[in-house]
Number of protein chains: 2
Amino acid sequence: MERFPSPSIPPFPAARRRATGRATLNDVASAAGVSAITASRALRGARAVDPVLVEKVRVAAQQLGYVPDPAARALASARSSHVAVLIPLLSNALFVELLEAVQHTLAPAGFQTLMGVTHYQPAEEDALLRSYLAHRPAGLLVTGFDRSDAAHQMIADSGVPCVHLMETVSTPGVYGVGLSQLDAARTVTEHLLQRGRRRIAYVAGQLDPRVMQRAEGYRAALRDAGCYDPQLEILDPTPTSMALGGHLFEELLQRHPDVDAVFFCNDDLAQGGLLAALRLQVAVPQRIAVVGFNDLAGSDQMLPPLTTIRTPRAEIGTQAAKMLLALMRGEPVPQSTIDLGFELVVRQSS
Amino acid sequence: MERFPSPSIPPFPAARRRATGRATLNDVASAAGVSAITASRALRGARAVDPVLVEKVRVAAQQLGYVPDPAARALASARSSHVAVLIPLLSNALFVELLEAVQHTLAPAGFQTLMGVTHYQPAEEDALLRSYLAHRPAGLLVTGFDRSDAAHQMIADSGVPCVHLMETVSTPGVYGVGLSQLDAARTVTEHLLQRGRRRIAYVAGQLDPRVMQRAEGYRAALRDAGCYDPQLEILDPTPTSMALGGHLFEELLQRHPDVDAVFFCNDDLAQGGLLAALRLQVAVPQRIAVVGFNDLAGSDQMLPPLTTIRTPRAEIGTQAAKMLLALMRGEPVPQSTIDLGFELVVRQSS
DNA sequence: CTGAAAGCGCTTACAG
DNA sequence: CTGAAAGCGCTTACAG
């Protein structure tokens with residue numbers, strides 16, 4: 001009885017294999033009786049391949065449970081299946097909805113979304129861009145047009161197709177899907193004017209580019225009506241929140257007892273303001289009208305329900321992703337800028 | 001004068017190059033006067049390399065602006081720098097905070113986060129897992145322990161380190177960071193009992209596993225107190241929202257006029273309930289006490305401020321990411337399960 | 001419409 | 001502590 005039998009059949013050649021055990025394109029090709037490159041083309045649906053062979057390859061891939069290796073594909077083609085999406089913040093529901101729409105559109109097309117949060121910091125955006133661009137993404141989605149020169153340069157140099165979210169512009173060769181923040185702000189301000197308000201405040205947090213564009217819309221409307229008063233602007237760089245909204249609302253009433261309307265730059269601020277009014281027993285809209293921006297979850301549940309501007313962020317995400325898809329595929333893009341507009345939603349707070 | 005001068009210097013050899021123009025590891029190696037493999041080891045800080053050479057390589061990489069190609073690295077090492085994170089929903093702020101913490105911990109360690117949203121659908125989770133696992137992620141983070149057999153199998157077969165989020169268990173070999181949803185629910189229910197409430201309702205949406213674990217905690221507490229009444233449970237599979245909370249609150253009051261407290265399974269529901277109470281002029285907490293779960297943004301701003309359970313989701317994200325980092329590096333993990341607990345936050349609604 | 005060859009930019013596994 | 005060779009699994013660029 002051998003305790004340590006020497007194998008009668010020699011072991012496999014001192015394997016240098018580092019294979020993962022998964023089926024490879026070559027496995028599929030030999031199973032289908034074609035070359036690797038034909039299998040590759042058949043699977044990608046590229047170029048003309050004999051339909052009979054395509055079917056053979058399909059079946060073989062199916063049977064072997066073949067899943068293409070994204071790393072190999074990226075290395076060989078110098079382009080990955082990743083799309084990097086840079087958004088300022090995740091704590092603003094707006095961007096969450098934007099992101100979900102993007103992902104929902106990109107995923108079925110075979111692209112993975114790499115999300116990066118910039119926290120409104122140009123330096124963070126630069127770092128993310130540097131890191132993500134190293135991955136040679138197939139496409140890039142960024143928020144707004146304001147960024148560092150270095151960032152602009154990196155994007156341009158990379159040659160990666162890029163679509164800008166949330167704002168509108170008309171610079172040729174620059175792609176974007178959004179709305180005019182200025183026009184929307186002007187619209188809701190004019191709504192307050194039409195309701196007879198004259199002492200209208202603009203209360204803002206975060207002070208990112210879009211918040212400042214809204215400030216411009218607010219100013220334009222009030223200047224046209226001849227009742228712009230810079231004193232009625234409260235601009236706080238703190239990130240927006242319901243708590244901040246309540247706090248700034250109180251501050252506003254103390255500093256300007258004669259104010260008869262407030263335009264909050266974002267709904268979370270406005271919701272906090274509405275709650276503060278309830279706490280302070282300030283009648284809305286009788287004593288003071290309140291309006292917000294974005295129509296976030298809960299605004300319709302407030303007491304009174306909040307008048308606001310509905311922004312089409314989901315549609316922005318979808319359209320931007322579709323535009324990017326076209327750019328990545330080298331297809332023609334009918335228009336480089338899409339303005340999706342906005343909607344004034346009048347509820348009981350104004 | 002030649003209109004079409006033929007070049008005196010021959011063009012570069014009919015290049016088969018498909019290079020990207022970026023510096024490669026070989027460029028760095030020759031600039032530093034070492035072999036590619038030594039440069040590779042020096043840059044990764046792996047194995048012992050002569051400190052002098054390490055420095056040379058560092059300088060060369062710096063000067064050439066070398067950025068390693070993740071695709072090549074993934075292909076050669078059969079492991080990417082991606083970590084896939086599967087969460088149920090992005091519309092619940094809880095998961096957004098969890099995700100941010102994860103990303104914040106993983107990014108400095110050089111890992112990219114790939115987020116996937118399952119919408120609480122096992123089939124969607126299976127599809128995401130299949131797709132993400134094809135990318136050979138370095139690690140995996142999933143929410144909870146409930147999933148399809150296929151999903152469990154895929155995770156196990158992949159050999160990819162995996163940490164489970166949000167719940168606690170003690171299955172050996174299974175890694176997790178979370179809290180006992182049952183204990184937390186029991187605690188807030190006991191709080192209501194201590195305040196003298198006896199007709200305590202449980203109002204829930206979504207009905208995901210954790211919501212049902214909370215239901216068990218609620219039942220346990222009430223059974224112990226001898227006042228469990230299954231009639232007082234309203235279980236609605238609809239996703240939670242403030243609007244749903246308001247709606248279910250009204251329904252509850254109509255069906256059970258004698259109810260003296262409500263435990264909402266999530267704060268958004270509770271906030272909606274509180275607003276509905278205000279609208280209906282139902283005194284909280286005098287007529288009815290209201291408590292929530294998670295302590296989401298705005299709960300402290302409500303009227304009255306909401307009593308709730310604070311869950312440490314950011315800390316869960318951080319700890320889980322750290323645990324995963326250790327697993328990915330093959331470092332020992334002191335304990336496979338971390339229970340981060342919870343905190344009862346008593347405000348004026350109870 | 002199809003294929004043989006080369007190469008993408010790294011790391012593994014062996015040697016020394 | 002260092003390196004030459006091979007290979008990861010695809011796609012590109014040429015030919016035919």
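Protein chains get the first letters and strands the later ones, always in sequence-line order, with residue 1 at the start of each.
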(request) Look at the side-chain N and O atoms of B:Arg41 and state whether any lies under 4.0 Å from the OP1 or OP2 oxygen of C:dA13. (result) no
(message) Side chain of B:Leu25, heavy atoms from C-beta onward: which of D:dT11, C:dC8, C:dT11 has the nearest atom to it?
(response) C:dT11
(message) As a test of reading the structure: which of C:dG9, D:dT2, D:dC10 is closest to the side chain of A:Arg73, going by heavy atoms?
(response) D:dC10
(request) Look at the side chain of A:Ser35 and decide which nucleotide, out of C:dA4, D:dG3, D:dG9, has an atom nearest to it. (result) C:dA4
(request) First locate atom CG of B:Leu99, then atom OG1 of B:Thr113, and finally report the distance between them rounded to the nearest 0.5 Å. (result) 7.0 Å
(message) Given a 3.5 Å cut-off on both pairing distances, which stems involving DNA chain D, each at least three consecutive Watson-Crick or G-U pairs, are present, if any?
(response) C:1-3 with D:14-16, C:5-12 with D:5-12, C:14-16 with D:1-3
(message) Can you tell me if A:Asp157 has over 12 outside heavy atoms packed within less than 6.0 Å of its CG?
(response) yes
(request) Would you mind telling me which of C:dG9, C:dT2, D:dT11 lies closest to the side-chain atoms of A:Thr38? (result) C:dT2
(message) Closest approach to the side chain of A:Val34, judged atom by atom: which nucleotide of C:dT12, C:dT2, C:dG3 is it?
(response) C:dG3
(message) Rounded to whole Å, please give me the gap between CG in A:Asp50 and P in C:dT2.
(response) 5 Å
(message) Enumerate the salt bridge (Lys or Arg N to Asp or Glu O under 4.0 Å) contacts for residues 113-133 of chain A, please, sequence neighbours excluded, ordered by first and then second residue.
(response) A:Glu125-A:Arg147
(request) Would you mind telling me which of D:dG9, C:dC10, C:dG3 lies closest to the side-chain atoms of A:Ile37? (result) C:dG3
(message) I need the CZ-C1' distance between B:Arg79 and C:dC10, as an integer number of Å.
(response) 17 Å
(message) Could you measure the distance from the OG1 atom of B:Thr118 to the CG atom of B:Leu128? Nearest 0.5 Å is fine.
(response) 7.5 Å
(message) Starting the side chain at C-beta, find the nucleotide from D:dG3, D:dG9, D:dC1 nearest to A:Ala76.
(response) D:dG9
(message) Nearest whole Å is fine: how far is D:dC1 P from B:Leu53 CG?
(response) 11 Å
(request) Measure from the side chain of A:Ser40, starting at C-beta and using heavy atoms only, and say which of C:dT2, D:dT11, C:dC10 lies closest. (result) D:dT11
(message) Looking only at side-chain N and O atoms, does A:Gln112 offer a donor or acceptor that is under 3.5 Å from a partner on B:Ser131?
(response) yes
(message) Without decimals, in angstroms, what is the distance between A:Leu64 CG and D:dG9 C1'?
(response) 15 Å
(message) Among D:dT2, C:dG9, D:dG9, which nucleotide has an atom closest to any side-chain atom of B:Arg136?
(response) D:dG9
(message) Rounded to the nearest 0.5 Å, what separates atom CZ in B:Phe111 from atom CG in B:Leu325?
(response) 6.0 Å
(message) Given D:dC10, C:dG9, C:dT11, identify the nucleotide with an atom nearest to the side chain of A:Thr24.
(response) D:dC10
(message) Is any side-chain heavy atom of B:Leu114 closer than 4.5 Å to one of A:His82?
(response) yes
